[in-house]
Amino acid sequence: MRNRLIVSLLLIVFSVGAKAEAETFSYYSINFTPAAYQSDDGITGYYADILRRVAEELGQNPIDINLVPYPRMARILNNNQNEVIIACLFPSANFKPHIYQPTSVGTFETAVVTLQNSPLNWDSIIDKRVATVRGASKVYGEKFHDLVLNNSIKLIAVKDYYQGIQMLKAGRIDAFAGNLYATLVMAADEDIALSEPMLISEKQSMITISIAPHIENGDQIVAQVSDIVNKMRDSGELQDIIEKYLPNAEQQR
């Protein structure tokens, strides 16, 4: 009887351990400078650094960070059936219930930018060619999305920030909408002079966790990741990471 009890207990222990090991974690980021991008030293950027720190606290370093365009990122998160996926993204009404965004990694201003010699305002932007990352027009703020819904602007989808800034520089679009500080950094790198930005809103970028249906301790994983990010924010580490790449960013400690 005693031997049978010991064997039963060992089976329980091994089954729990096997279940934990079976859980696969993947890390994704949208691919744009300076959030996450391929450099000579590997994948770098503030989202990349944040994801590595989260993985480190989960005991998972080193990790591979998958760089993908925003539309593909949304599909991967929504269609996840196999693993835990962790990313950093603005909130979206299109995310399915198994996607959790429990806490913020930073607060960013979103804006429409134009060339210095071709300024626009919220009246003169009507009927203009405005580019944004494909699939992302809903997340930058209601003021901008209303223009899209009402067909008040000619929306042009681009694959990433670099393509949008290059099109603006070449005069193929009249304006570009997105994360203000990221846009300013990229424009400065390309020696592009911009006019005063048209601010849309302040948006919180969230730690984003997609939990596959078969994972029973999903709530525990979400709580653990949220706790890690909250501690990083409280200590000022999140702000330090972001300001490493966006020197003029005003984040909330």
Counting only heavy atoms not in Lys128, do more than 12 sit closer than 6.0 Å to its NZ atom? yes
Between the side chains of Ser195 and Gln116, is a donor N or O closer than 3.5 angstrom to an acceptor N or O? no
Does Ser235 use its side chain to pair, donor to acceptor, with the backbone of Lys231 at less than 3.5 Å? yes
Note, Leu147 side chain near Ile126 side chain (heavy atom, < 4.5 Å): yes
Rounded distance [0.5 Å steps], OG in Ser26 versus CG in Leu51: 11.5 Å
To the nearest 0.5 Å, tell me how far Thr33 OG1 sits from Gln38 CD. 10.5 Å
Just by distance, with hydrogens left out, do Arg75 and Asn78 show a side-chain donor and acceptor under 3.5 Å apart? no
Hey, quick one: are Leu89 and Leu67 part of the same hydrophobic cluster, counting side-chain heavy atoms closer than 4.5 Å, chains of contacts allowed? yes
Just verifying a value: how many Å separate Ser201 OG and His145 NE2, rounded to the nearest 0.5 Å? 12.5 Å
Looking at side-chain heavy atoms only, is the closest gap between Ile209 and Pro102 below 4.5 Å? yes
Evaluate Ile211 against Val222 for side chain to side chain contact (heavy atoms under 4.5 Å, CB included), listing each step before the verdict. CA-CA 9 Å; Ile211 304 288; Val222 171; 4.2 Å; yes
Mark yes when over 12 heavy atoms from residues, nucleotides or ligands other than Gln60 sit less than 6.0 Å from its CD; otherwise mark no. yes
Contact check, side chains of Ile86 and Phe25, non-hydrogen atoms, under 4.5 Å: yes
Counting only heavy atoms not in Asp191, do more than 12 fall under 6.0 Å of its CG? no
Stepwise, does the side chain to side chain contact (heavy atoms under 4.5 Å, CB included) test hold for Asn80 with Ile76? CA-CA 6 Å; Asn80 174 31; Ile76 289 170; 5.8 Å; no
Compare all side-chain heavy atoms of Asn230 with those of Arg233 and state whether any distance is below 4.5 angstrom. yes
Would you say Glu190 and Gln166 are linked by a side-chain donor-acceptor pair, where the criterion is simply a distance under 3.5 Å? yes
Which residue pairs satisfy the ring pair (Phe, Tyr, Trp, His ring centres under 6.0 Å) criterion with at least one member in residues 37-76, sequence neighbours excluded? Tyr46-Phe108
Answer yes when Lys154 and Asp127 have at least one side-chain N-carboxylate O distance shorter than 4.0 Å, and no when they do not. no
For Asp64, does the CG atom sit with more than 12 other heavy atoms under 6.0 Å from it, leaving out its own atoms? no
Is it true that Asp49 and Arg53 have a side-chain N and a carboxylate O under 4.0 angstrom from each other? no
Quick one: ring pair (Phe, Tyr, Trp, His ring centres under 6.0 Å) pairs with a partner in residues 110-132, sequence neighbours left out? none
Check whether any side-chain heavy atom of Thr110 lies under 4.5 Å from a side-chain heavy atom of Leu180, and answer yes or no. no
Would you indicate whether the side-chain heavy atoms of Val158 and Arg134 approach each other to under 4.5 Å? no
Heavy-atom side-chain contact between Lys203 and Thr107 under 4.5 Å: no
Going by the rule ring-ring contact (aromatic ring centres under 6.0 Å, His included), which residues pair with Phe32 if we only count those two or more places apart in sequence or in a different chain? Tyr161
How far does OG1 of Thr208 sit from CD1 of Ile85, to the nearest 0.5 angstrom? 11.0 Å
Can you tell me how far CE of Met73 sits from OG of Ser210, rounded to the nearest 0.5 angstrom? 10.5 Å
For a 4.5 angstrom cut-off between non-hydrogen side-chain atoms, does Tyr100 reach Ile207? no
Tell me, with the steps shown, if Met232 and Ile241 meet side chain to side chain contact (heavy atoms under 4.5 Å, CB included). CA-CA 10 Å; Met232 291 173 66; Ile241 290 173; 4.0 Å; yes
Looking only at atom types and distance, does a side-chain atom of Asn66 sit under 3.5 Å from a main-chain N or O of Tyr27, one as donor and one as acceptor? yes
When rounded to the nearest 0.5 Å, the distance separating CD1 of Ile173 from CG of Leu168 is 5.0 Å
Just by modelled atom types, is the Gln220 backbone N or O under 3.5 Å from a matching donor or acceptor in the Asn217 side chain? no
For the residue pair Ser39 / Thr44, report whether a side-chain donor-acceptor contact shorter than 3.5 Å exists. no
Presence of salt bridge, Arg52 and Glu56, under 4.0 angstrom: no
